[in-house]
Number of protein chains: 2
Amino acid sequence: MTATTSSTSGTASRPGGRSAKVRAAVHRAVQVVVSEDSLDVLTIPVIAARAGVHATTVYRRWGTVGDLLADVATSRFTGDLVVPDTGSLRGDLERYAFDLAKDLGDPDTLALVRATIGTGGEQGAAACRGERERGLDAILERERARGGQPPALEHTTDGVLAPLYYRAVFTDLPLTTEWARDLVARLLPDDDA
Amino acid sequence: MTATTSSTSGTASRPGGRSAKVRAAVHRAVQVVVSEDSLDVLTIPVIAARAGVHATTVYRRWGTVGDLLADVATSRFTGDLVVPDTGSLRGDLERYAFDLAKDLGDPDTLALVRATIGTGGEQGAAACRGERERGLDAILERERARGGQPPALEHTTDGVLAPLYYRAVFTDLPLTTEWARDLVARLLPDDDA
DNA sequence: GCACAAACGCAGCGATCACTGCAATCCAAA
DNA sequence: TTTGGATTGCAGTGATCGCTGCGTTTGTGC
């Protein structure tokens, strides 16, 4: 409740401390509940019980299920996506798309995304993007440093990120690697290999 | 909209009857609550109170907030989107994109989409797509009848639908008409006007 | 006009939720 | 080791939720 956003991990993030363990346990519990159970039991007491923590703790540190989901989504979608470096723009983008497709194709991840969008509000939805666009920008920047002329970040987002998210969230179509490769192929001109 | 009669409104869809009025009132109440209040008060009693209906009625007809949201989203996103017919593929797609951008740009609509994704599960997310892809397919089919060679439905979905939904749901960027026009321009080859 | 079925309103039940003082515990610094 | 601040556990409260019989009203067919 005390500025959930910044200070959630603020005073309680000394690695190895009890706070950090509680935080990790709660995060795991959220993922488990979101994945296994129905969405209508996604409540603080249930999560706390799954985490082996008292509900009071969760109420005090996060306050709302929405804030908790946004926090989980933030730490889930930031930092674990390594920016590929294959040497070519096309290779980087394809690798990027494959990784993202694999990630969003995971039912657990998808359930977390959907729940976070619904309950986490505006910042929850933003947390689901995480650092994806930053990673994309890094790829384009590297190509620029190589002397190439990559498409704009906006075009790349529209052409690669958006279809992956849309198909994952709104449809039940599979996120195949062939389709992901097509997305990159349609974005880049066909002249180079 | 005649399709909706099959499931939820089955016995209660005689136009003008009391059931239909209750249904409409509840649907309006859902939209109001989703738009104005926080998402955590999106509960049957609150919706029923807003609609001037007893909660028992809502429990019996819909059962769950998720089912109710899916029903609202279904009737909201099916039938109200007229397929444009401007005479050219580009004109049709641009008009389609403009309409969709305007629709998804509405905060109330967006709130409904987000809530439905979160609470309505798989079918809720599918309901948010509604008949959009069918409308897109109609546009492409008309171009095909004209003798043209429009892009595949999958490509059009990835190039127009997906970016619109992604930007609306996951970002706070505005859905401008210029950007929507760009989406169509990037999808179609530049040779024709 | 009458009877029948469906839908709705009403009151109340158990269960759960969100939240709050107070005590105990833990971690870090002196 | 001791001290101080912060975090967590505990028990309890009011409020709300989801749901269920029962009576009433509405709309339709005879």
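First the proteins, then the strands, lettered A, B, ... as listed; each starts at 1.
Residue pairs that meet the salt bridge (charged side-chain N to carboxylate O under 4.0 Å, His left out) test with at least one member in residues 110-130 of chain B, sequence neighbours left out, are Arg114(A)-Glu122(B), Glu122(A)-Arg114(B), Arg129(B)-Glu133(B). Residue pairs that meet the salt bridge (charged side-chain N to carboxylate O under 4.0 Å, His left out) test with at least one member in residues 164-184 of chain B, sequence neighbours left out, are Glu154(A)-Arg167(B), Glu94(B)-Arg181(B).
The distance between atom CH2 of Trp62(A) and atom C1' of dT7(D), rounded to the nearest whole Å, is 12 Å. For Arg60(A) and dA23(C), the CZ to P distance is 14 Å, given to the nearest whole Å. The nearest whole Å value for the distance from the NZ atom in Lys21(B) to the C1' atom in dT26(D) is 11 Å. Residue Arg23(B) contributes atom CZ, which lies 13 Å from atom P of dA7(C) at whole-angstrom precision.
With sequence neighbours left out, the salt bridge (Lys or Arg N to Asp or Glu O under 4.0 Å) criterion links Arg146(A) to Asp92(A), Glu143(A). Every residue two or more places apart in sequence or in another chain was checked for a salt bridge (Lys or Arg N to Asp or Glu O under 4.0 Å) with Asp108(A), and none qualifies. By the side chain to side chain donor-acceptor pair (under 3.5 Å) test, Arg28(A) is found to be paired with no residue, residues two or more places apart in sequence or in another chain being considered. Annotation: ring-ring contact (aromatic ring centres under 6.0 Å, His included) contacts of Tyr166(B) (sequence neighbours excluded): Tyr165(A), Phe170(B).
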List, one per line, each side-chain donor-acceptor pair under 3.5 Å for residues 42-59 of chain B, sequence neighbours excluded.
| from | atom 1 | to | atom 2 | distance (Å) |
| --- | --- | --- | --- | --- |
| Arg50(B) | NH2 | Glu36(B) | OE1 | 3.2 |

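Fit an axis to the five pairs at each end of the helix from dG1(C)-dC30(D) to dA30(C)-dT1(D) and the two axes sit 30° apart, to the nearest 10 degrees.
Using a 4.0 Å cut-off, some side-chain N or O of Arg61(B) falls inside it from OP1 or OP2 of dC8(C).
Side-chain contact, Thr157(B) with Arg132(B): no donor N or O sits under 3.5 Å from an acceptor N or O.
Candidate nucleotides dT8(D), dC10(D), dC8(C) were compared by shortest atom distance to the side chain of His54(A), and dC10(D) ranks first.
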Could you write out each protein N or O paired with an N or O of nucleotides 12-19 of chain D at a distance under 3.5 Å?
| from | atom 1 | to | atom 2 | distance (Å) |
| --- | --- | --- | --- | --- |
| dG18(D) | OP2 | Thr43(B) | OG1 | 2.8 |
| dG18(D) | OP2 | Tyr59(B) | OH | 2.7 |
| dG18(D) | O5' | Tyr59(B) | OH | 3.2 |

